[in-house]
Structure formats: C-alpha cells, structure tokens
**Q** 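A single structure is presented below for examination.
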Amino acid sequence: MPEKFKFAFMPSASCGGCEIAVVDIDEVILKVAELADIVYWPTALDFKDKDLEAIPDGGITVGFFNGAVRNDHDVHHAKQMRRKSQVLVSFGACAQMGGIPSLGNFWTTEELAHRMYDTVPSVVNPDGTRPQLKYDAPEGELTLPRAMDRAYALDQVVDVDYYLPGCPPQVKWIVAAVEAVAKGELPPKGTVIAGTKAVCDECPRERSEEKQVTEFKRIHLVENDPEKCLLEQGIMCCGPATRDGCEAACVVAGQACRGCFGPTDNVNDMGAKLASAIASIVIADTQAEADKILDKLDDPAGYFYRFGLARSMLGVQRGERKDGDE
Amino acid sequence: MKKIEIDPISRLEGHGKIAIFLDDGGDVAEAYLQIPELRGFEQFCVGRPVEELPRITPRICGV
Amino acid sequence: MADNFEPKIVGLLCTWCAYAGADLAGTSRIKYPPNVRSIRVMCSGRVDPQFVLDAFAHGADGVLVSG
C-alpha cells in the first residue's frame, strides 16, 4: 500500500464552522480516512501545539488553514503550517479575505478592546482591567498572544497555494479538492477551487434583461417574490460580484447573497466592484435622485465588505503592511 | 512550582489554554483559563441593520 | 504640507471628449502642468471604482475622472 497522505487542519481567528463543513462531507470522510492520516486537527481530535511542532518541515501533504490572522500566535501558526505543508490551502472566507472578523478592521484594535472590556453593557469592569501580554501570577508567569493592528487574510502573511472559498466552504468543493490531491491533478497555483462566474449565473430566480432599481428596501419590510431577482425587488444582494459555486444557496433559501465566496477572478477589491455593480443598476436622472435611492441602502460598508475587508485596498496605505510583514 | 500547560484546548471551537500550577506535594495550587483571541463582535455589530445580525453573529461560533 | 508639494494626479479621460480636449490643448500648444498623468479610457462609464482605489494604492494624490 502506498504511503498515506497527511492532512492537517489549523484553526485561527475563526468560528469553527469550516471544520464542521469538513465533517459535513458525511461518508466521504471514510474515503478521506482511507486516503490520508490526519496529523493535526485540534478542533476535532486531541492535538496540542507540541504535536504540530513535532511534524518535520514538509511533513504535511496538505495543510488546511481556516480563520483570519488576528494575533501573533496566528502568525506563528501560519508560518509553521507553511513550512510543514507541501500544499497550503486557505480554507474558508476568513483565511481567504479576512471574513467576518475583518469587519473589525473599521476600528483600531484599541477601539475594539475598549468596547469589549470597558463599555459593553454586559461587562462590569470598574478597575479597567485589561488582558496583559504577561502576567505574573503568584504561582508563575502567564502569557497571552499580542493582538495585531487588524485582521489579515492568510496570504497577506504567508504564501498560499490554493483557496477554498465560502462561509463555510461547500462540501462539493472540499470533495473536489481532496479528489484533485488524490489523483495528483492539482490545478495551477493560486486557483480558487469553486466556480468561475458570478452567483447570478447560478441563481434560479428570474431576472429581466436590464436590471433597474428605483428603491432599496429592507428584506423584512417587503413580501418578496421567490421567483424574482432580489435586486430587482430592491433588496440588496451581493450576487453580481460574488464568485459562484454555492448554487446560490442563500438566495434559494430566500436570503440575499452576502458575498462569502469572494470576488470573481481579476477583481482586486470586492467592495469597489460591488459598489460599481450597484451604481450601474440604480435608475436616477439627477444626483439628488441617486442620493435619495442610495441613502436607503443603510449599511453599504457592511454589505460590500461583509467578508472581505482584510483584502480590500481601503485602509492599507500604499501597499504598506505593518504587522503582517515577515 | 510545576506548571502544566494545555494549549490549545482541543475538541471545541474557540481558542483557550489552561495553565495548572502544582505545589510541592503534587496537588493543584491554582489553575488559570485563558482566552487568547480577540475579534471584536461587540464593536462591529453595533450600527449594522438588525436583520443582518442573524447572518453575522453565527460566526461567533460555527460549531 | 511643504510648499513645494507637487501632487501626482491620475486623469482618467474619456477618449471622445476629455481626451480629445487634452489633445486639442496639445496641438494648440497650450501648456499645462505635468502633474496630471492622463490615461485614456473609451468612456468615463468604463471607469470602475477599483481603478480609483488602485491609483491611490499606487501613490496617486488625486484622481480626476473626466468625460
């Protein structure tokens, strides 16, 4: 029997949903177990940091990294995974482009901490106690990782081979990726393992030739027609600028797309692309009319950059990176 | 004093580590649970449309 | 800001009007400061917000969309 592949799953600043998606492949997991040994997966099995350290460089065939990079411990893990993995896969929206945690990039880390430890209504902290990087307990020293200035995508910290997008990644693409590894038929480096068109191409809802929006409405305030394009009904949907491959799962379920698969190829700022897509369907003759329509779009930043703020060009001055640097 | 460190706590979502200090007799003198992760949901949920929150807050924990 | 600040401005000019205008300025030998780096686009409607962000990310101080 040929030697088994070695898979590792590394969680970072994430919710663990990506790893549940791995379990969601159901009976295919038996095939995976036949094909590969899992050498590190703390979310599902009893692995510790030292187990990862013990793996020699290049000792992991495919390393799956999920979650944004939010503190220096995550950076350490990202570098470790890069060194030890022959193929490093960015797994899920957070690793690919920052995901939901990167919504925090609209604030400084200090502002986030101030909210979390001082002003949030459920916290009582009259002394203003904050987590310390080092704490001298009477019994000995305790340490915590340092939170970085913002959330980073994995490829802003280390070199990444492939991307499995989605929040969470879809079973069929996980299976496709594992099959590609098993057959040794790996796509070119940098490939996003998903569709190549926009969610609208997969969306079963009917749409007219020319999209026209004259009013944006909040989804709970309209009775939406399940057969008709959500955008045409005035409900903000990120489908036009989002990569397909999810079979328009949210839209089929009656919810608008929020762009978790990230942008299509050759788009370097998803929010800008979405802004452009939305601007082109708003029908207004004057600036005042356009303003009036767009004013109803109540949280554009939250719609355009729901999952992708870390990868946006906004807030990254002239290509400078601070904490993400080598 | 002997220190036993469990890092990370496994088989759950979220990051945590435990430091246990043993006294000379080998009994537990003190144990500390630490949560090393900061994401900022408390802040970035503020001001978002309320109907969007069921699509943001599930990402606190997906397990 | 220093007095000798020379902004770099990226001009995205529509080929049918603004670019033709810049061209006419040239053939009429009208001088204008070299701060504007003009880029011809086939229509100002072709300008994507990404171009603007890209220009700023590459060090532009201003972006002029004309058409």
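These figures come from a predicted structure and were not determined experimentally. Below, chains carry the letters A, B, ... as their sequence lines are ordered, and counting in each starts from 1.
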**Q** Picking from A:Glu111, A:His73, A:Lys50, A:Gln255, which has the most non-hydrogen pairs under 4.5 angstrom with chain B?
**A** A:Gln255
**Q** Do you know which of A:Thr119, A:Leu142, A:Val120 has the most heavy-atom pairs with chain B at a distance under 4.5 angstrom?
**A** A:Leu142
**Q** Could you look at A:Ile20 and say if it's the side chain, the backbone, both or neither that has a heavy atom under 4.5 Å from chain B?
**A** side chain
**Q** Could you check which of B:Met1, B:Lys17, B:Lys3, B:Gln34 has the highest count of heavy-atom pairs closer than 4.5 Å to chain A?
**A** B:Gln34
**Q** Side chain, backbone, both or neither: which part of A:Phe106 has an atom under 4.5 Å from a heavy atom of chain B?
**A**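 Just its side chain gets close to chain B.
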**Q** Can you classify the ring geometry of A:Phe64 versus A:Phe7 as parallel (below 30°), tilted (30 to 60°) or perpendicular (above 60°)?
**A** perpendicular
**Q** Can you say whether A:Pro101 sits under 4.5 Å from chain B via the side chain, the backbone, both, or neither, judging by heavy atoms?
**A** both
**Q** Please tell me if the side chains of A:Thr242 and A:Arg258 come closer than 4.5 Å, counting only heavy atoms from C-beta onward.
**A** no
**Q** Name all residues meeting the ring pair (Phe, Tyr, Trp, His ring centres under 6.0 Å) criterion together with B:His15; count only those two or more places apart in sequence or in a different chain, and write none if there are none.
**A**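 Not a single residue meets the ring pair (Phe, Tyr, Trp, His ring centres under 6.0 Å) criterion with B:His15.
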**Q** Taking the side chain from A:Gln156 and the backbone from A:Ala310, do they hold a donor-acceptor pair closer than 3.5 Å?
**A**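 Checking the backbone N and O of A:Ala310 against the side chain of A:Gln156, a donor-acceptor pair under 3.5 Å is found.
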**Q** Is it true that atom CD of A:Glu223 has more than 12 heavy atoms of other residues, nucleotides or ligands lying nearer than 6.0 Å?
**A**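 No.
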**Q** I need the single residue from B:Glu42, B:Gln43, B:Glu37 that forms a side-chain hydrogen bond (donor to acceptor under 3.5 Å, both in side chains) with B:Arg39. Which is it?
**A**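 When side-chain hydrogen bond (donor to acceptor under 3.5 Å, both in side chains) is applied between B:Arg39 and each of B:Glu42, B:Gln43, B:Glu37, only B:Glu37 qualifies.
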**Q** Measure A:Ala21 against the heavy atoms of chain B and call it side chain, backbone, both or neither at under 4.5 Å.
**A** neither
**Q** Can you tell which part of A:Ser102 gets under 4.5 Å to a heavy atom of chain B, answering side chain, backbone, both or neither?
**A**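 For A:Ser102, neither part sits under 4.5 Å from chain B.
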**Q** Hey, which of B:Pro58, B:Pro49, B:Ala29 has the most heavy atom pairs under 4.5 Å with chain A?
**A** B:Pro49
**Q** Side chain from CB out, backbone as N, CA, C, O: work out which of these in B:Leu38 comes under 4.5 Å of a heavy atom of chain A, or both, or neither.
**A** both
**Q** Specify which of A:Cys15, A:Ala44, A:Ser12, A:Gly17 makes the most heavy-atom pairs with chain B at under 4.5 Å.
**A**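 Greatest number of close heavy-atom pairs with chain B: A:Cys15.
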**Q** Is it the side chain or the backbone of A:His114 that comes within 4.5 Å of chain B heavy atoms, both, or neither?
**A** neither
**Q** At a heavy-atom separation under 4.5 Å, does A:Asp46 approach chain B through its side chain, its backbone, both, or neither?
**A** both
**Q** Flag the one option from A:Thr109, A:Asp299, A:Val23 with the top tally of heavy-atom pairs under 4.5 Å to chain B.
**A**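 Highest number of pairs under 4.5 Å: A:Asp299.
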**Q** For A:Arg70, is it the side chain, the backbone, both, or neither that has a heavy atom closer than 4.5 Å to a heavy atom of chain B?
**A** side chain
**Q** Tell me, for B:Ile60 versus chain A, whether the close heavy atoms (under 4.5 Å) come from the side chain, the backbone, both or neither.
**A**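 The backbone, not the side chain.
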**Q** Backbone N or O of A:Phe91 within a donor-acceptor pair of the A:Asn66 side chain at under 3.5 Å?
**A**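 Here the side-chain-to-backbone pair does not exist.
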**Q** What residue, out of A:Cys94, A:Pro138, A:Ala113, A:Ser14, has the most heavy-atom pairs lying under 4.5 Å from chain B?
**A**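 Most heavy-atom pairs within the cutoff with chain B belong to A:Ser14.
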**Q** Roughly how far, to the nearest 0.5 Å, is the CZ atom of A:Arg146 from the CG atom of A:Asp74?
**A** 12.0 Å
**Q** Is A:Ala13 in contact with chain B via its backbone, its side chain, both, or neither, using a 4.5 Å heavy-atom distance?
**A**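 A:Ala13 touches chain B through backbone and side-chain heavy atoms alike.
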**Q** Is the NZ atom of B:Lys2 crowded by more than 12 outside heavy atoms at less than 6.0 Å?
**A**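 Counting neighbours around NZ of B:Lys2, 12 or fewer heavy atoms of other residues, nucleotides or ligands fall under 6.0 Å, so no.
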**Q** Counting distance only, does the side-chain N/O of A:Thr43 pair as donor-acceptor with the main-chain N or O of B:Glu13 below 3.5 Å?
**A** no
**Q** Hey, is B:Glu5 close enough to A:Lys48 for a salt bridge, meaning N to O under 4.0 Å?
**A**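 Salt bridge: no.
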